[in-house]
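First comes the structure, then the notes that go with it.
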There are 2 protein chains.
Amino acid sequence: MSQEGVGVDLETSLGYLLKEASSALRAAMEKVLRPLGMSVTHYACLELLAQRPGLSNSELARGAFVTRQTMNALLQTLERDGYVTRPAEAPVGKVLPARLTPRGQRSLEKASAAVRSVEARMLAGLTETEQSEAFRILQSMTHSLRGDNEGA
Amino acid sequence: MSQEGVGVDLETSLGYLLKEASSALRAAMEKVLRPLGMSVTHYACLELLAQRPGLSNSELARGAFVTRQTMNALLQTLERDGYVTRPAEAPVGKVLPARLTPRGQRSLEKASAAVRSVEARMLAGLTETEQSEAFRILQSMTHSLRGDNEGA
DNA sequence: GAATCTATGTCAGAATACTGACATGAGTCA
DNA sequence: TGACTCATGTCAGTATTCTGACATAGATTC
């Protein structure tokens with residue numbers, strides 16, 4: 001820990017701060033999920049399926065911010081281990097709707113509680129108003145970055 | 001694109017929103033850095049060195065949110081390609097202070113401009129006041145997650 | 001001064017995620 | 001109906017990052 005205070009611009013960059021917060025969140029999540037034998041992406045997949053049963057592989061990938069190839073590999077593991085089921089054939093097109101098994105639901109419960117406690121800790125120092133502002137601000141950032149403003 | 005609106009809780013989770021924004025930022029940065037032949041971690045390393053010359057490998061790793069092993073591998077490449085220099089022997093202890101070469105500085109300039117334009121786009125929809133709030137809120141989240149509040 | 005603790009740089013192997021590519025099914029349009 | 005476009009699931013190979021481990025240097029404690 002040499003010099004602290006020589007820092008110039010990074011400390012004032014909202015982009016850097018965003019990365020910093022996101023990194024801290026991920027680290028905190030990994031810390032509580034590891035004892036449960038679960039990675040962040042692993043958890044994200046189960047949580048998405050709990051809240052939106054029948055999501056396809058590609059939809060899960062988008063929701064967990066990974067490629068559909070990565071999510072597919074994860075789904076195959078989860079299917080093999082009995083946490084998730086997918087029909088052998090697609091009801092329509094090529095889309096295979098995935099669902100949690102009872103085992104998957106049980107596995108998710110503890111993880112979900114752990115993650116919610118992490119999120120609660122993250123928000124501990126913020127008022128209701130600040131949380132609302134954070135909500136709006138983060139959404140604005142995301143939309144601006146994605147270019148959702150063009151062609152309106 | 002099946003159902004949009006069935007979503008339950010994820011859309012209201014600040015943790016999820018934080019991940020979403022961070023993911024969008026990273027994607028936008030990759031998009032502008034790729035044509036320059038530079039990855040995000042690559043850029044982060046150069047930017048850190050520009051703002052704080054003499055940073056050690058471990059310090060760079062913490063600043064770029066990767067492990068020191070990862071940063072070390074990157075530094076070796078950057079050193080080999082002439083973007084960065086490190087003394088052959090440590091002036092004190094084992095710590096090797098790294099510095100940008102002129103070539104490294106030149107390489108950084110274009111990347112830095114590109115990244116700043118991305119950040120500007122991210123903040124386009126926010127007022128000065130909102131940016132100040134974002135600053136405070138993100139810092140609070142980071143500190144709370146790291147447990148900087150204990151033992152005060 | 002010796003023992004202990006912490007932090008560093010580095011090597012090696014494993015895990016994770018990505019890019020590229022392919023065939024297939026659905027929707028669009030003429 | 002047929003051509004075209006787009007999205008999907010999946011296989012293969014590559015790239016990136018991480019975990020584990022080791023020796024060493026400085027700080028701390030007694």
Side-chain angles (χ1 to χ4, degrees), chain A residues 1-4 19 22-23 26-31 33-35 37-45 49 54-81 84-99, chain B residues 1-4 19 22-23 26-31 33-35 37-45 49 54-81 84-99:
Chain A
M1 268 46 66
S2 54
Q3 21 72 297
E4 213 75 67
K19 170 79 175 177
S22 178
S23 177
R26 186 177 189 88
M29 285 178 66
E30 282 172 349
K31 188 173 180 179
L33 287 176
R34 178 174 299 270
M38 209 177 286
S39 75
V40 173
T41 306
H42 188 129
Y43 159 75
C45 176
L49 280 179
L55 241 43
S56 72
N57 172 48
S58 288
E59 291 169 326
L60 286 168
R62 282 191 291 270
F65 309 106
V66 296
T67 62
R68 65 185 195 276
Q69 293 89 332
T70 297
M71 182 55 72
N72 192 17
L74 174 59
L75 270 181
Q76 288 176 348
T77 303
L78 291 177
E79 211 173 355
R80 170 173 57 78
D81 296 346
V84 164
T85 45
R86 283 191 290 181
E89 295 177 18
V92 53
K94 302 186 65 178
V95 179
L96 292 172
R99 295 183 178 278
Chain B
M1 264 40 73
S2 55
Q3 21 72 295
E4 214 75 69
K19 169 79 176 177
S22 177
S23 177
R26 185 177 190 89
M29 287 178 66
E30 283 172 350
K31 189 173 180 180
L33 289 176
R34 178 174 298 271
M38 209 178 287
S39 74
V40 173
T41 307
H42 188 130
Y43 159 74
C45 177
L49 280 178
L55 240 45
S56 72
N57 172 47
S58 288
E59 290 168 325
L60 286 168
R62 282 191 292 268
F65 310 106
V66 296
T67 62
R68 66 184 194 277
Q69 293 90 331
T70 296
M71 182 55 72
N72 192 14
L74 174 59
L75 270 181
Q76 289 176 348
T77 303
L78 292 177
E79 212 173 354
R80 171 174 55 79
D81 295 346
V84 165
T85 47
R86 283 191 291 181
E89 294 178 18
V92 52
K94 303 184 63 176
V95 179
L96 292 172
R99 294 184 179 278

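Naming: A, B, ... by sequence-line order, numbering from 1 per chain.
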Would you say N57(A)'s side chain and R68(A)'s backbone share a donor-acceptor pair under 3.5 angstrom?
yes
For dC18(D), take OP1 and OP2 only and decide whether either is under 4.0 Å from a side-chain N or O of T67(B).
yes
Check every atom of dG9(C), dT17(D), dC18(D) against the side chain of S56(B) and return the nucleotide holding the closest atom.
dG9(C)
Among dG26(D), dT17(D), dT10(C), the one nearest any side-chain atom of N72(B) is dT10(C)
Side chain of R26(A) only, heavy atoms from C-beta on: which candidate in dG9(C), dG26(D), dA17(C) is closest?
dA17(C)
Closest to the Q76(A) side chain: dC11(D), dG9(D), dT8(C)?
dC11(D)
Any non-hydrogen side-chain atom of M71(A) less than 4.5 Å from a side-chain atom of R62(A)?
no
Taken to the nearest whole Å, CD/E89(B) to P/dG9(C) is 15 Å
So which heavy atom on V84(A) is nearest to which on A98(A), and how close?
CG1-CB, 4.0 Å
In this structure, how many angstroms lie between the P atom of dA7(C) and the CD atom of E59(B), rounded?
12 Å
Correct closest heavy-atom pair for P87(A) and L96(A) would be O-CD2, 3.4 Å
Given dA17(C), dG9(D), dT10(D), the nucleotide with the shortest approach to the side chain of Q69(A):
dT10(D)
Between K94(B) and F65(A), the residue closer to the 5' end of DNA chain C by nearest nucleotide is K94(B)
By nearest-heavy-atom nucleotide on DNA chain D, the more 5' of V66(B) and L96(A) is L96(A)
For dG20(D), take OP1 and OP2 only and decide whether either is under 4.0 Å from a side-chain N or O of R68(B).
no
To the nearest Å, give me how far apart CG (L75(A)) and C1' (dT10(D)) are.
12 Å
Look at the side-chain N and O atoms of S39(A) and state whether any lies under 4.0 Å from the OP1 or OP2 oxygen of dA15(C).
no
Students often get this wrong, so: under 4.0 angstrom with heavy atoms, is T70(B) touching a base, only sugar-phosphate, or nothing?
base
When rounded to whole Å, the CG to C1' distance for the pair L60(A) and dT10(D) reads 16 Å
